[in-house]
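Quick note on labels: first sequence line is chain A, next is B, and so on, each numbered from 1. Scope of the values below: all heavy atoms of this structure, side chains included, with no hydrogens, waters or symmetry mates.
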Number of protein chains: 2
Amino acid sequence: MLSKNKNVSDYKSTKQRNKIIQVLQNAEKPLTAEEIYMLVKDELPSVVISTIYRNMEALKSIIVKTVYNDGKARYEFTKEKHTHNLICLKCKKSIVIEKCPFEAMEKNLSEQNSFEILEHKLEIYGHCKDCRRIKE
Amino acid sequence: MLSKNKNVSDYKSTKQRNKIIQVLQNAEKPLTAEEIYMLVKDELPSVVISTIYRNMEALKSIIVKTVYNDGKARYEFTKEKHTHNLICLKCKKSIVIEKCPFEAMEKNLSEQNSFEILEHKLEIYGHCKDCRRIKE
DNA sequence: GTGCTTGCAAAGAGTTTGCACCGTC
DNA sequence: GACGGTGCAAACTCTTTGCAAGCAC
C-alpha cells in the first residue's frame, strides 16, 4: 500500500466506487463506513463493507477521515475551503462553519510556542436549533 | 454501570487505582490504555488491561477521553482550566495552550447558528521546536 | 460481611487483509 | 491481457463484559 503519487484519475471507475463517491457527495454530514455501506447497498446489494474501507484508503487524497470519540471514523470529501462543524449531540446533524475560528490565532500560537502548525482538528458539540426545542 | 451521582471519594482506594492515578499525574501527555497499562505493570505485574479500562470508566468524572485519528483513546486528567494541546507528529509530545483560541468565537458562533454549544475538541498537529531541527 | 474491584477469559465492535475471481482500461 | 477492484472469510486491534475470587471499608 505504498503511495505512488497517484491522483484520482489514475483509478479505475467501478460501479461501487462511483456510488460511494455519489453517496459522499450527497451527504450532509461526514459518514461512517457503516453508513456509506448501507447507502451503497441500497443500489448494489452485493457490496461488502471491506470495499468501502478499501475505497476510503484508495480515495485518501480527496477524502478526510476523522475519528470521533465514539471510536468510529467518519469520512467526507476534503473541502476546497477549510471548514469545521457544529455537531448536534442529539440528531448528529452537522452544520458547517465557513470561517475557521482558529485561523486568527494560528500565527500567534505558532510563534509563541516555536511550533510548526501543520493541521488541526476542531469539533464543536451541542444541540442544534431543532433539537433544542425537544425536551428530553 | 448506571451513574449514581458518585464522586471520586465514593470509590475505594486500591493499589491498582492509586497507581493508575499516579501514572496519569506524572504523564506529560495524554496516555493510551496500553501505555497506562505498561507503566502500572512495572510496579504491579499482575494487572490486566481491563482493569485500566474499568478505571477509566470509574474515574470518568475527573478524566477526559479523546480518541485520536489512529483510533486509540487517550486519557488525561481534566484540567481545572480548559486547555488544548499542540501535538507533535514526530515525538508525540504535547504542549498545553493555556488560552483557548476558540473561546472568543464561541458566543458569536452559537448565536449565528442558533446552536447551543456544550463542548468542543481542538487538537493542533505539527512539529515541535526540537523536532523541527531534525531533518527526516 | 457487603459490595465494589480485580484477574482471567471470552466476546464485541470497527477495521484490515489474503485469496481467488471479476471487470476496467 | 494485465492489473487493479471486489466479494468472502478470516484475522487483527482496541475495548467491553461475565464470572468467581479478592479486598477495602
Between [atom2] on [N] and [atom1] on [X], what's the gap in Å once rounded to a whole number?
{"X": "B:E34", "N": "D:dT13", "atom1": "CD", "atom2": "P", "result": "11 Å"}
{"X": "B:Y37", "N": "C:dC8", "atom1": "OH", "atom2": "C1'", "result": "11 Å"}
{"X": "A:K72", "N": "C:dA13", "atom1": "NZ", "atom2": "C1'", "result": "9 Å"}
{"X": "B:N18", "N": "D:dA24", "atom1": "CG", "atom2": "C1'", "result": "11 Å"}
{"X": "B:R74", "N": "D:dC14", "atom1": "CZ", "atom2": "P", "result": "10 Å"}
{"X": "A:N55", "N": "C:dT16", "atom1": "CG", "atom2": "C1'", "result": "14 Å"}
{"X": "B:Y68", "N": "D:dT13", "atom1": "OH", "atom2": "C1'", "result": "19 Å"}

Has [X] got a side-chain atom pairing as donor or acceptor with [Y]'s backbone, closer than 3.5 angstrom?
{"X": "B:T78", "Y": "B:I62", "value": "yes"}
{"X": "A:T32", "Y": "A:A73", "value": "no"}
{"X": "B:N18", "Y": "B:S13", "value": "no"}

Which pairs of donor and acceptor atoms, one on a side chain in residues 37-51 of chain A, lie under 3.5 Å apart (sequence neighbours left out)?
| residue | atom | partner | partner atom | Å |
| --- | --- | --- | --- | --- |
| A:Y37 | OH | A:K41 | NZ | 3.0 |
| A:E43 | OE2 | A:K19 | NZ | 2.8 |

Least distance between heavy atoms, A:I52 atom then A:A33 atom: CG2-O, 3.9 Å
Checking all strands, does B:A58 fall into the base, sugar-phosphate, or nothing category for heavy-atom contacts under 4.0 angstrom? nothing
For B:R74, check salt bridge (Lys or Arg N to Asp or Glu O under 4.0 Å) against everything at least two apart and list the hits. B:D70
Results of salt bridge (Lys or Arg N to Asp or Glu O under 4.0 Å) for B:K60 - residues two or more places apart only: B:E57
Annotated protein contacts, base or backbone, on nucleotides 19-25 of chain C with a non-hydrogen cut-off under 4.0 Å, one of B, S, - each: B---BBS
Taking 4.0 Å as the cut-off, does a side-chain nitrogen or oxygen of B:Q16 come that near to OP1 or OP2 on C:dG7? yes
Go through residues 38-53 of chain B and report each residue with a non-hydrogen atom lying under 4.0 Å from DNA chain D, sorted by number. B:S50, B:Y53
Is the shortest heavy-atom distance from the side chain of A:I124 to the side chain of A:I87 under 4.5 Å? no
Hydrophobic cluster partners of A:V67 (side-chain heavy atoms under 4.5 Å): B:V67
Nearest-nucleotide comparison on DNA chain D, the residue closer to the 5′ end among A:I20 and B:V67: A:I20
